[in-house]
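To start, the structure under review is shown below, and the notes come after it.
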There are 2 protein chains.
Amino acid sequence: MANKVKFERENVIRVASQLFWEKGFIATSTRDLQEAINMRPGSIYAAFGSKEGLYSESLKDYTVQMKSQIDGFLASSDTVVGGLRAFVENVIIKTKDCSPSAICMLVKANSEFAEKDASLYELSLDLSAKFEAYLTTLFAQAIKNNELSSNLTALEYAQFFQVQFTGLRGYFNRPRVEQLAQPMINQMFALIKKL
Amino acid sequence: MANKVKFERENVIRVASQLFWEKGFIATSTRDLQEAINMRPGSIYAAFGSKEGLYSESLKDYTVQMKSQIDGFLASSDTVVGGLRAFVENVIIKTKDCSPSAICMLVKANSEFAEKDASLYELSLDLSAKFEAYLTTLFAQAIKNNELSSNLTALEYAQFFQVQFTGLRGYFNRPRVEQLAQPMINQMFALIKKL
DNA sequence: TTTGATTTTGAGCGACTGTTCAAGTTAAAA
DNA sequence: TTTTAACTTGAACAGTCGCTCAAAATCAAA
């Protein structure tokens with residue numbers, strides 16, 4: 001009995017995610033989405049309930065992708081800090097031009113849904129908190145490995161990392177000579193080791 | 001002969017600026033604006049040409065306000081770095097709750113107008129460049145006064161400042177115990193003096 | 001007071017928005 | 001092959017968007 005679904009859910013979410021990341025939630029119309037993911041309104045609403053539902057899935061998927069990207073760099077690096085550094089270089093320098101936006105999708109979400117009661121605002125806060133917790137475990141490992149001093153707690157290192165990383169991405173959102181990026185990343189990691 | 005304009009142009013722009021800063025360009029409807037600035041469509045379009053025209057004026061006014069705010073703190077401080085510090089503390093801690101957004105309006109604009117040919121994108125880039133140039137003159141003065149070493153150029157200090165400041169504002173956009181803000185600002189300025 | 005250029009008003013235009021749903025299509029079960 | 005539940009389609013809805021413009025209101029000059 002029944003028919004099978006034609007679309008591949010994961011792939012659809014990933015494509016939608018790119019579009020939402022680039023244009024933001026409000027500026028992405030359902031017609032834009034229809035074309036990008038090749039689905040008609042009825043199917044989209046049957047599968048995701050609403051534009052908000054699809055965005056919600058997209059934002060969650062984004063954080064999963066980010067974490068798995070970091071895990072990949074950690075796996076091919078001797079140290080935790082080295083892995084994070086490779087990740088930062090990859091985001092700011094190497095994948096800058098093929099990325100929908102220089103700015104983290106979570107940061108964009110946090111600034112778009114400023115109205116404090118919206119459910120997408122709650123979601124973006126929740127995902128941000130979980131990402132910080134994930135980073136904290138990484139820095140805890142780095143301290144344990146004696147890569148970093150224990151002058152700061154793992155959480156404080158994670159906070160410092162986020163401030164630096166967000167700041168750099170915001171700065172290199174504006175077009176600049178890319179020669180500036182590498183020295184500023186070097187500076188960031190030199191500072192981390194001196195904290 | 002003729003009639004006089006009823007509205008005060010500067011005041012109208014300032015109110016519109018607050019609304020645009022909070023909600024973004026796209027999410028702010030012309031009806032929202034009509035209510036906020038108490039003008040009917042015909043008057044708005046006679047005075048500013050379009051929604052884009054009013055936003056453009058609002059963004060320019062925002063940077064003027066920021067600069068004059070910094071100048072104010074500089075005037076009541078012994079040192080350039082002290083003035084900048086007072087400014088940062090004012091933005092992140094003191095005026096956090098009465099500000100339309102924790103995130104700089106220019107940064108929001110830069111991330112909203114990602115399509116590279118739009119005129120508002122060009123404007124936000126131009127204003128960002130001018131603001132960086134302004135900061136650079138301040139740091140040049142700080143170096144001249146021996147407040148800061150000359151290991152870095154004035155431009156490099158300005159870049160560092162912007163990365164830190166943008167990063168901190170992005171971080172404290174998410175709700176957190178405000179006790180975290182002051183130590184992180186202290187850290188920022190401790191780092192600047194050690195560069 | 002009359003004149004007439006200027007400003008303000010707000011109903012309304014065409015385009016676009018997120019979403020719905022009846023009709024059509026599909027394929028596993030009978 | 002027939003049945004039937006699940007899935008897909010796309011026309012269409014009610015609402016909102018940025019914006020226009022004829023008409024009303026305003027006030028300095030004559």
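Chain A is the first sequence line, chain B the second, and so forth, proteins listed ahead of strands; every chain is numbered from 1.
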### Query
How do Ser43(B) and Gly42(A) order along DNA chain D: which one's closest nucleotide is nearer the 5' end?
Gly42(A)
### Message
Between Asn110(B) and Tyr171(A), do the side chains contain a donor N or O and an acceptor N or O under 3.5 Å apart?
### Response
no
### Query
Between Leu54(B) (CG) and dG18(D) (C1'), how many Å, whole number?
13 Å
### Task
Using atom NZ of Lys23(B) as one end and atom C1' of dG18(D) as the other, report the distance to the nearest whole Å.
15 Å
### Task
Answer yes if the ring centres of Tyr62(A) and Phe131(A) are under 6.0 angstrom apart, and no otherwise.
no
### Summary
Winner on side-chain proximity to Pro41(A), out of dA11(D), dG18(C), dG18(D), is dA11(D)
### Query
For Ile44(A) and dT8(D), what is the distance between atoms CD1 and P respectively, to the nearest whole Å?
11 Å
### Most 5' of Asn38(A) and Arg31(A) on DNA chain D, judged by nearest nucleotide
Asn38(A)
### Atom-pair distance (OH on Tyr55(A); P on dT17(C)), nearest Å
18 Å
### Query
So, Glu147(B) and Gln141(B): side-chain donor and acceptor under 3.5 Å apart, yes or no?
no
### Query
Atom CZ of Arg40(A) and atom P of dG24(C): how far apart are they, to the nearest Å?
18 Å
### Message
Rounding to an integer number of Å, can you tell me how far Glu35(A) CD sits from dT17(C) C1'?
### Response
16 Å
### Task
Answer with base, sugar-phosphate or nothing: what part of the nucleic acid does Ser29(B) contact at a heavy-atom distance below 4.0 Å?
sugar-phosphate
### For atom CD of Gln34(A) and atom C1' of dT19(C), their distance in whole Å
10 Å
### Query
Within the structure, does a side-chain N or O atom of Tyr45(B) lie under 4.0 Å from either OP1 or OP2 of dC19(D)?
yes
### Query
Between dT7(C) atom P and Phe48(B) atom CZ, what is the distance in whole Å?
13 Å
### Task
Compute whether any side-chain donor of one residue and acceptor of the other, for Arg85(A) and Asn90(A), lie under 3.5 angstrom apart.
no
